[in-house]
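Counting starts at 1 for both ligands and their atoms, in listed order.
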Amino acid sequence: MSEERSVVVVVGSANVDVVARVPRIPGPGETLLATSVARGAGGKGANQAVGAARAGGAPTWFVGRLGDDGDAALLRASLLGAGVELDAVEISSEPTGTALISVSDDGENAIVVVGGANADLTSLSPTQLERIATAGVVVAQLEVPLPTVLAAAQARRPGASFVLNAAPSAPLPDELLREVDVLVVNEHELADLVPGLEPEAAAQRVLGRVGAVVVTLGSRGCLVVEQERTTQVAALPVAVVDTTGAGDTFCGVLAARLAAGDDLVEAARWGSVAGALAVERPGAQDAVPTAAEVREARNVQGEPS
Ligand code: RIB
């Protein structure tokens with residue numbers, strides 16, 4: 001593990017998650033009684049920033065927009081508590097983003113996002129662009145406007161990596177794909193990009209257009225598809241409580257390990273262990289493990305192969 005760390009900048013969304021625990025995910029037109037409701041810090045971008053910061057020392061900045069409201073205070077406290085730098089976060093006249101989440105007894109979820117201030121990140125300020133230009137690894141997802149994601153990728157310095165987590169699913173223009181060094185997708189997002197193929201074959205198709213593809217496969221681990229090799233990384237077996245944010249933890253930790261000098265497969269191994277630990281706990285940012293917890297899980301339970 002190299003100790004020379006470069007900066008991670010995560011460009012993306014921050015939401016307050018309103019989470020209802022339900023026996024199962026409701027169908028269309030169905031009303032279900034929840035057993036509890038809780039509010040917590042979430043949003044794919046903010047979750048990934050927390051994942052990167054908790055991974056152990058890669059200085060991490062979050063670039064995004066929050067409302068001028070109490071929800072923003074909740075998010076700031078969570079991000080700052082994890083060690084994320086917030087000087088490139090701007091205040092929007094729109095309310096802080098909200099996610100309405102149902103989590104079933106088997107830990108699955110269904111999420112509706114109300115973009116608010118995230119949707120208002122229609123451009124990057126000079127401060128935000130400057131911060132992006134300091135990064136060794138720039139990370140983005142798709143809960144903020146696509147032109148902003150492209151602008152962030154293009155603002156990175158030569159040699160810096162751009163990691164795109166293409167979630168939630170959206171058509172990806174070639175102009176954006178050309179910028180991507182590492183594309184992280186789950187099976188559903190990959191199938192939306194390349195329908196009708198098994199994950200490895202689908203990822204190979206995308207590989208012509210991006211540097212590498214990581215396909216997260218839930219309890220089956222992940223697939224790291226690079227030009228020269230394909231590697232299956234197994235998942236740690238865990239008791240599932242809540243899968244919300246596990247993919248974000250994976251992405252954040254992967255980015256931090258890339259910034260620390262690991263190769264993509266090794267970074268994915270760290271991400272996979274961290275993501276597995278995150279599903280054992282409720283919530284999104286609250287569930288992100290520390291570096292020490294991830295290290296211990298790797299030592300105790302063995303390396304994911
Ligand atoms: O990926 C999980 C996240 O998606 C939640 O925290 C929610 O806010 C939505 O952005």
Side-chain angles (χ1 to χ4, degrees), residues 10-22 25 37-54 62-67 69 71-72 74-79 81-82 84 89 94-104 107-121 139-146 148-149 163-170 184-189 192 214 216-218 222 240-255 271 274-289:
V10 182
V11 180
S13 59
N15 299 321
V16 165
D17 291 350
V18 181
V19 184
R21 293 291 314 202
V22 283
I25 303 299
V37 67
R39 287 159 54 80
K44 294 185 193 306
N47 297 345
Q48 292 179 15
V50 167
R54 288 221 181 114
F62 176 61
V63 167
R65 278 195 191 165
L66 296 170
D69 50 29
D71 284 354
L74 185 154
L75 282 156
R76 280 179 189 279
S78 176
L79 286 155
V84 178
V89 170
E94 298 295 321
T96 296
T98 304
L100 307 172
I101 305 181
S102 301
V103 178
S104 63
E108 279 311 321
N109 63 53
I111 303 179
V112 175
V113 173
V114 186
N118 302 307
D120 190 36
L121 188 69
V139 187
Q141 333 69 37
L142 302 177
E143 281 184 344
V144 294
L146 205 71
T148 306
V149 172
V163 177
L164 178 65
N165 174 217
S169 245
V184 184
V185 280
N186 66 24
E187 286 173 279
H188 307 292
E189 291 146 6
D192 286 344
V214 178
T216 56
L217 302 167
C222 70
V240 179
V241 171
D242 180 357
T243 55
T244 309
D248 299 330
T249 298
F250 177 94
C251 289
V253 173
L254 176 128
L277 294 181
V279 308
E280 289 192 307
R281 302 166 181 172
Q285 288 168 38
D286 287 345
V288 177

Under 3.5 Å, is there a donor on one side chain and an acceptor on the other for D192 and S169?
yes

_Counting only nitrogen or oxygen atoms and a 3.5 angstrom limit, does S13 reach ligand 1?_
no

Quick note on ligand 1: atoms under 4.0 Å from a heavy atom of G42 include exactly 6 (O), 8 (O)

**Report entry** Short side-chain to backbone donor-acceptor contact, R21 and S104, under 3.5 Å
**Finding:** yes

Atom 2 (C) of ligand 1 sits nearest the protein heavy atom D248 OD2, 3.3 Å

One finds that the ligand 1 atoms under 4.0 Å from a non-hydrogen atom of E143 are 4 (O), 9 (C), 10 (O)

Return yes if some donor-acceptor pair links the side-chain N/O of T148 with the main-chain N/O of L121 below 3.5 Å, else return no. yes

- Can a non-hydrogen atom of G43 be found less than 4.0 Å from any atom of ligand 1? yes

Atom 8 (O) of ligand 1 has as its nearest protein heavy atom D17 OD1, 2.6 Å

Checking K44, R65, E143, Q48 against S13 for side chain to side chain donor-acceptor pair (under 3.5 Å), the one that qualifies is E143

Near N15 (heavy-atom distance under 4.0 Å), the atoms of ligand 1 are 7 (C), 8 (O), 9 (C), 10 (O)

Using non-hydrogen atoms of the residue, decide whether G245 is closer than 4.0 angstrom to ligand 1.
yes

closest protein heavy atom to atom 4 (O) of ligand 1 is K44 NZ, 3.1 Å

Checklist line | Min side-chain heavy-atom separation D248-N165 under 4.5 Å | finding: yes

Taking only non-hydrogen atoms of A284 and a 4.0 Å limit, the atoms of ligand 1 in range are 6 (O)

Checking N118, D71, N15 against T96 for side-chain contact (heavy atoms from CB on, under 4.5 Å), the one that qualifies is D71

Separation between CG (D242) and CD1 (I101), nearest 0.5 Å, reads 7.5 Å

Using modelled atom types and a 3.5 Å cut-off, is there a donor and acceptor pairing between side-chain atoms of N186 and backbone atoms of H188? yes

Taking only non-hydrogen atoms of A99 and a 4.0 Å limit, the atoms of ligand 1 in range are 7 (C), 8 (O)

